[in-house]
Amino acid sequence: MKLSLHVLVCNAAAFALPWSLTKDGLETTFQVNHLGHFYLVQLLQDVLCHSAPARVVVVSSESHRFTDINDSSGKLDFSRLSPSKSDYWAMLAYNRSKLCNILFSNELHRRLSPRGVTSNAVHPGNMMYSSIHRNWWVYTLLFTLARPFTKSMNFSDQRNVMRKT
Ligand SMILES: *[C@@H]1O[C@H](CO)[C@@H](O)[C@H](O)[C@H]1NC(C)=O
Ligand SMILES: *[C@@H]1O[C@H](CO)[C@@H](O)[C@H](O)[C@H]1NC(C)=O
Ligand SMILES: *[C@@H]1O[C@H](CO)[C@@H](O)[C@H](O)[C@H]1NC(C)=O
């Protein structure tokens with residue numbers, strides 16, 4: 001039996017991790033947030049194409065705007081994608097991985113949309129409350145303080161807001 005796949009949401013992410021390498025020898029944020037999705041989509045590409053119309057949604061972030069993965073001469077700088085421990089800054093690694101998400105989504109769309117598979121990258125909402133802050137108590141505090149002012153993924157909460165307004 002041929003199974004169909006019409007919607008693929010690429011939403012896995014690590015944030016504020018201390019520096020570490022995966023067993024492939026790559027910085028973990030980069031591998032989890034970008035390469036993992038990249039690889040999954042490669043593996044599922046044929047399934048997506050034979051399921052057309054199909055769509056891929058890559059969850060990125062506004063954070064991508066604050067960063068660059070090119071060196072000063074404008075060439076892709078691999079050491080920025082998977083930095084050594086001394087060059088690592090968790091927030092920067094996250095922002096760069098979110099830029100990778102967008103570049104990947106755009107290129108995927110360019111390649112697969114003629115075959116009926118579209119790809120879009122989205123920003124889910126500012127400081128959308130999830131467990132993404134769990135690696136550092138400072139972020140946990142920050143996200144908790146911001147929580148009443150941000151969107152909720154909890155559908156009951158949203159209904160309550162709609163009732164009040
Ligand atoms: C990462 O993005 C955030 C916005 O989400 C921005 O406030 C921060 O300055 C950026 N940090 C770096 C190091 O790029
Ligand atoms: C960054 O590098 C890529 C690959 O070489 C290139 O296509 C792109 O135009 C560069 N972007 C900037 C802002 O220099
Ligand atoms: C979702 O919101 C409702 C109402 O505010 C609350 O009772 C419920 O515990 C929440 N569920 C989760 C998983 O947070």
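Just so it is clear, the model here is predicted, and its values are computed rather than measured. As the structure lists them, so they are numbered: ligands from 1, and atoms in each ligand from 1.
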Hits for ring pair (Phe, Tyr, Trp, His ring centres under 6.0 Å) against F66, two or more places apart or cross-chain, chain-then-number order -> none

- prompt: Do N101 and C10 come within less than 4.5 Å of each other through their side chains, counting heavy atoms only?
  reply: no

> Does L40 belong to the same Ile/Leu/Val/Met/Phe/Trp/Tyr cluster as L35, with side-chain heavy atoms less than 4.5 Å apart forming each link?
Replying inline: no

message: What verdict does the side chain to side chain donor-acceptor pair (under 3.5 Å) test give for T118 and S113, after you've listed the backbone C-alpha separation in whole Å, the side-chain angles of each residue and the deciding distance to 0.1 Å?
response: CA-CA 5 Å; T118 60; S113 54; over 6 Å; no

Practice prompt. Check whether any side-chain heavy atom of V57 sits under 4.5 Å from a side-chain heavy atom of V122, and report yes or no.
Written response: yes

Within the heavy-atom cut-off of under 4.0 Å, ligand 1 is lined by S63, F66, W89, M91, L92, N95

In terms of heavy-atom contacts, A13 and N33 come closest through CA-OD1, 3.2 Å

